[in-house]
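What follows is a single structure, and I will ask about it in a moment.
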Amino acid sequence: MMDYNRAVRVRAAPAPSGSLHVGNVRTFLYNWLFARHTGGTFVLRIEDTDVSRFTEEAYRAVLEDLRWLGLDWDEGPEVGGAHEPYRQSERRQFYLEAAGRLVGGGKAYRCYCTAGELKQRREQAQAERRKPGYDGRCRRLTQEQVAAFEQEGRSYAVRFQVPDEGVLDYEDLVVGKIATHLDQIDDFAIVRSDGAPLYHLAVVVDDGLMEINHVIRGDDLMSNTPKQILLHEALGNAVPAFGHLPQVLGPDRKPLSKRHGSTSITDFRAGGYLPGALINFLALLGWGTSDDTLLSRDELVDRFEVRDVHSSPAMFDTKKLDWMNGEYIRMLDDCELAELTQPFLAAEGLIDQPPSAVQAQNVQHAAPLIKTRMRRLSEAPGLVGGLFTRPEIDPAAAEKVLSVEHVPELLRRASVGLAEIEPWGKEQVEAALRAIAEEMGLKPRKAFGPLYVAVSGTTVSAPVFDLIALIGRQESLERLAIAEQLSRELSGAVT
RNA sequence: GCCCCCAUCGACCAGCGGCCUAGGUCGCCACCCUUUCAAGGUGGAAACACGGGUUCGAAUCCCGUUGGGGGCACCA
């Protein structure tokens, strides 16, 4: 079927506009999987030709995101390679040289139309229901007209001359056979009138120079492909194979974008997602096998085939990601989980950064208690916050649980019971409290609910016997006292 | 307006002409377990967009319709 006798060379080509968007990450991931699966080379190239739009900070964010995700590149910024540099802003000479060759060879020409003229003609064309692209007028300029423009010092852009008719077709790696009528494509600009090389030129020159032989990218770029094939041919490059990935959709079935909320890697990281889970999830968006859904990086690499990638768009389903992230959290051992949880506790001010020895110890104890209860690391503070600081009692929980008639009595007895325990430990705490529940003839649910509120401030948290044991006798008794007081007020008022 | 792409449960994936009374996973519902909440276990509801062909036979191939998306820049 598909023949990879050439060593595969693919690239990720982000425009550095800050933390990466998950949609782009999926594209990069597929390239990466393809390279790793075939033993090929994964190149990272930064597409920052439009210098005014991009910052150094955004550039670093991109590298940082890729590293966090574990998508390592074989050639590119900071690792080097045979085709340096890997930032387009530093490769201008190559583009200009290529543009010169194209003009010299009669494959491209100077266009003296101004932005204003172009805009006006475009609008007129649209008004007349004609296609809005460039009309090719500067192609037919006479010697005299050119001389006149040059005389008045008018600046020019460089346009690629596209054949007026004919059909260009290619076999798309994921979509299949694609045919384009060349009359649909107008003479597109490859160098701006201020001398800045444009996207199409830069991409084609770089893909040629870097010997990229498989271009896998979003299908929003699909209609660019004929243009780029034409450019490759004009430049004498080996034309790479192209594959176009469908968009990742938001819950409203529109392409996923900022307005859907958190879509950048930074957001997911801050939201408590693990890179492995995100990778696993993204890989399955548009590609998959029937049997397994939890796939390690190696398994993904092993099974991934570009030809199995879907040509239909997929929706980004946060629910499934959350579930999967929970699965990945459960695969962590307690030490790893404690380590990963620390920043989230610190962010809530529950522990110091770095944590004190006691705090670190407590986080370690907390890990097994929260492991099965979390889908995202950011949920840790809500589950075990009470371990580090005395929580506010949630009014709703108090109203619901503490206002019940038997509760003051229950909490008082619990205090007495806990005061007498010797030695202090989880088993003893549990035994004592269960004994009290039995004495009072209370079902576990009724008996322990108020304890949760007293200790955690809410009815939802890590198991309460563990919490009490970890918090210690002194602090536990104080919290019980506070809750008992509140309970007296509430139950008195209510009944 | 013109060009291009897409179409299986709510979602993701399996299905490559008979094994499909359409399978798995998430989510949802119910039950079990249970100190809350989870996790775990068991079971359940839930889809081939529509219309024509081709074929002995179509979710699978072809053509239309409808619906969705993308593109038509001196952005990338």
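Just so it is clear: chains get the letters A, B, ... in the order the sequence lines come, proteins before strands, and each one is counted from 1.
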Per A/Arg330 side chain, nearest of listed nucleotides B/A39, B/C5, B/A76: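 When the side chain of A/Arg330 is considered, B/A39 is the closest of B/A39, B/C5, B/A76.
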Going by atom types only, do A/Asp322 and A/Tyr273 share a side-chain donor-acceptor pair under 3.5 Å?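 Present: a donor and an acceptor within the cut-off.
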Taking only the side-chain heavy atoms of A/Leu284 (C-beta and beyond), determine which of B/C12, B/U35, B/C74 contains the nearest atom.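 Selected nucleotide (nearest to the side chain): B/C12.
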Just N and O in the side chain of A/Lys254: are any of them under 4.0 Å from OP1 or OP2 of B/G69?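 Indeed, a polar side-chain atom of A/Lys254 lies that close.
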Which part of the nucleic acid, if any, lies within reach of A/Val464 when heavy atoms closer than 4.0 Å are counted: base, sugar-phosphate only, or nothing?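 Base contact.
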Looking at every strand, decide which applies to A/Thr372 at a 4.0 Å heavy-atom threshold: base, sugar-phosphate, or nothing.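 The residue A/Thr372 makes base contact.
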Heavy atoms only, 4.0 Å cut-off, all strands: where does A/Gly218 land among base, sugar-phosphate and nothing?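 No contact at all - A/Gly218 keeps every heavy atom at 4.0 Å or more from the nucleic acid.
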Specify the separation, in whole Å, of atom CG of A/Asn280 and atom P of B/C26.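 About 13 Å, once rounded to whole Å.
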Nearest to the side chain of A/Pro463, which nucleotide is it out of B/C37, B/A76, B/U35?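 My answer, after comparing the listed nucleotides, is B/U35.
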Separation of the C1' atoms in B/C20 and B/A30, to the nearest angstrom: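 Going atom to atom, C1' in each nucleotide, I get 28 Å.
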Using the ring of A/Tyr134 (Phe, Tyr or Trp, six-membered ring only), decide whether A/Arg159 places NZ or CZ under 6.0 Å from its centre and within 45 degrees of its axis.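 Yes.
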With a 4.0 Å cutoff (strictly under), does any side-chain N or O of A/His310 reach OP1 or OP2 of B/A14?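 For B/A14, OP1/OP2 do have a side-chain N/O of A/His310 under 4.0 Å.
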Report yes or no: does A/Asp187 contribute a side-chain atom to a donor-acceptor pair with the main-chain N or O of A/Val162 at less than 3.5 Å?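 Confirmed, A/Asp187 side chain pairs with A/Val162 backbone.
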When you measure from the side-chain N and O atoms of A/Arg159 to the phosphate of B/C74, is any distance below 4.0 Å, counting only OP1 and OP2?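 Yes, A/Arg159 has a side-chain N/O under 4.0 Å of OP1/OP2 on B/C74.
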If you measure from the P atom in B/U60 to the same atom in B/A22, how many Å do you get, rounded?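 It works out to 16 Å between them.
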Is A/Ser312 touching bases, backbone alone, or none of the nucleic acid, heavy atoms closer than 4.0 Å?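 Sugar-phosphate only.
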What nucleic acid atoms does A/Asp48 come within less than 4.0 Å of, heavy atoms only: base, sugar-phosphate, or nothing?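 Nothing, no heavy atom under 4.0 Å.
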Using the P atoms only, state how far B/C29 lies from B/A38, rounded to an integer number of Å.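 These two P atoms come out 11 Å apart once rounded.
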Would you say A/Arg434 places a side-chain N or O within less than 4.0 Å of OP1 or OP2 belonging to B/U35?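 Answer is yes, contact under 4.0 Å.
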Quickly work out the A/Met222 CE to B/C72 P distance and round it to whole Å.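 Going from CE in A/Met222 over to P in B/C72 covers 13 Å.
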Across the strands shown, which category fits A/Leu118 at heavy-atom distances under 4.0 angstrom: base, sugar-phosphate, nothing?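 Base: the residue A/Leu118, judged by heavy atoms under 4.0 Å, touches a nucleobase.
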If the C1' atom of B/G70 is compared with that of B/C74, how far apart are they to the nearest Å?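 Those two atoms are separated by 23 Å.
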In this structure, how many angstroms lie between the C1' atom of B/G10 and the CE atom of A/Met315, rounded?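 Spelled out: CE on A/Met315 to C1' on B/G10 is 8 Å.
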For the P atoms, the ones on B/G64 and on B/C56, what distance do you get once it is rounded to whole angstrom?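 Comparing P positions in B/G64 and B/C56 gives a spacing of 24 Å.
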Whichever of A/Pro14 and A/Tyr452 has its nearest RNA chain B nucleotide further upstream toward 5':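 It is A/Tyr452 whose nearest nucleotide is closer to the 5' end.
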Any donor-acceptor pair, under 3.5 Å, between the side chain of A/Lys320 and the base of B/C12, if you only look at N and O atoms?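 Under the 3.5 Å cut-off, the side chain and the base do form a donor-acceptor pair.
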If you look at every strand shown and take non-hydrogen atoms under 4.0 Å, does A/Ala13 touch a base, only sugar-phosphate, or nothing?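 Contact class for A/Ala13: none.
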Which is true for A/Ile178 with a 4.0 Å heavy-atom rule: it touches a base, it touches only sugar-phosphate, or it touches nothing?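 It contacts sugar-phosphate atoms only.
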Starting at atom OH of A/Tyr328, determine the distance to atom P of B/U25, rounded to an integer number of angstrom.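 A/Tyr328 atom OH is separated from B/U25 atom P by 17 Å.
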Is it true that a side-chain atom of A/Arg373 and a backbone atom of A/Leu369 form a donor plus acceptor pair closer than 3.5 Å?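 Yes; judged by distance alone, with no hydrogens or angles, the pair exists.
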Looking across every strand, which nucleic acid part, if any, lies under 4.0 Å from A/Thr49 by heavy atom: base, sugar-phosphate, or nothing?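 Touches sugar-phosphate only.
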Could you tell me the Watson-Crick or G-U partner of B/C72, where both distances fall under 3.5 Å? Say none if there is no partner.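 Partner of B/C72: B/G1.
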Quick check on B/C74: is either OP1 or OP2 less than 4.0 Å from any side-chain nitrogen or oxygen of A/Arg154?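 No, because none of the side-chain N or O atoms of A/Arg154 sits under 4.0 Å from OP1 or OP2 of B/C74.
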Can you see whether A/His365 engages A/Asp466 through a side-chain donor-acceptor pair at a distance of less than 3.5 angstrom?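 Short answer, no.
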If I pick the C1' atom on B/G52 and the same atom on B/A46, what distance separates them, to the nearest angstrom?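 Per the computed distance, 29 Å lies between those C1' atoms.
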Please state how far atom CZ in A/Phe316 lies from atom P in B/G27, giving the value in whole angstrom units.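 The distance from CZ of A/Phe316 to P of B/G27 comes to 15 Å, rounded to the nearest Å.
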On a plain distance test, is the side chain of A/Ser193 in donor-acceptor contact with the base of B/C74 below 3.5 Å?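 Yes.
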Using the closest heavy atom to pick a nucleotide of RNA chain B for each, name whichever of A/Glu327 or A/Asp317 lands nearer the 5' end.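 By nearest-heavy-atom nucleotide position, the 5'-most residue is A/Asp317.
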Does A/Glu97 have more than 12 heavy atoms from other residues, nucleotides or ligands lying within 6.0 Å of its CD?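 Count over threshold, so yes.
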Nearest to the side chain of A/Pro255, heavy atoms from C-beta on, is which of B/G69, B/U25, B/U35?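 Given the options B/G69, B/U25, B/U35, the side chain of A/Pro255 is closest to B/G69.
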Using atom C1' of each nucleotide, how far apart are B/C26 and B/C9 to the nearest Å?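 Taking atom C1' in both B/C26 and B/C9, they lie 12 Å apart.
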Hey, is the side chain of A/Arg253 poking within less than 4.0 Å of OP1 or OP2 on B/A7, counting only N and O atoms?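 No.
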To the nearest Å, give me how far apart CG (A/Leu182) and C1' (B/C72) are.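 Whole-Å distance recorded here is 15 Å.
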Within the structure shown, what part of the strands sits under 4.0 Å from A/Pro313 by heavy-atom distance: base, sugar-phosphate, or nothing?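 The answer is sugar-phosphate, as A/Pro313 gets under 4.0 Å only of primed atoms, P, OP1 or OP2.
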Pairwise C1' distance, B/A7 and B/G15 [rounded to whole Å]: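 One C1' to the other, the span is 16 Å.
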Is the charged tip of A/Arg26 near the ring of A/Tyr30: under 6.0 Å from the six-membered ring centre and within 45° of its axis?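 Yes, cation above the ring, under 6.0 Å and within 45°.
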Taking the six-membered ring of A/Phe188, is the NZ or CZ of A/Lys227 close enough (under 6.0 Å from the centre) and on axis enough (within 45°)?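 Positive - A/Lys227 is close enough to the ring of A/Phe188 and near enough to its axis.
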Rounded to the Å, how far apart are A/Leu300 CG and B/C13 P?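 So the two atoms are 14 Å apart, to the nearest Å.
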Would you tell me if any nitrogen or oxygen in the side chain of A/Arg122 comes within less than 4.0 Å of OP1 or OP2 on B/C74?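 Yes, within the criterion.
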Between C1' on B/A38 and CG on A/Leu383, what's the gap in Å once rounded to a whole number?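 The distance from CG of A/Leu383 to C1' of B/A38 comes to 8 Å, rounded to the nearest Å.
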With a 3.5 angstrom cut-off on both distances, give the Watson-Crick or G-U wobble partner of B/A30, or none if there isn't one.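 Pairing partner: B/U42.
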With side-chain hydrogen bond (donor to acceptor under 3.5 Å, both in side chains) as the criterion, how do A/Asp394 and A/Thr458 come out once you've worked through the C-alpha distance, each side chain's angles and the decisive distance to 0.1 Å? CA-CA 6 Å; A/Asp394 172 44; A/Thr458 134; 5.8 Å; no
Should B/A7 form a Watson-Crick or G-U wobble pair with both distances under 3.5 Å, which nucleotide is its partner?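 B/A7 is paired, partner B/U66.
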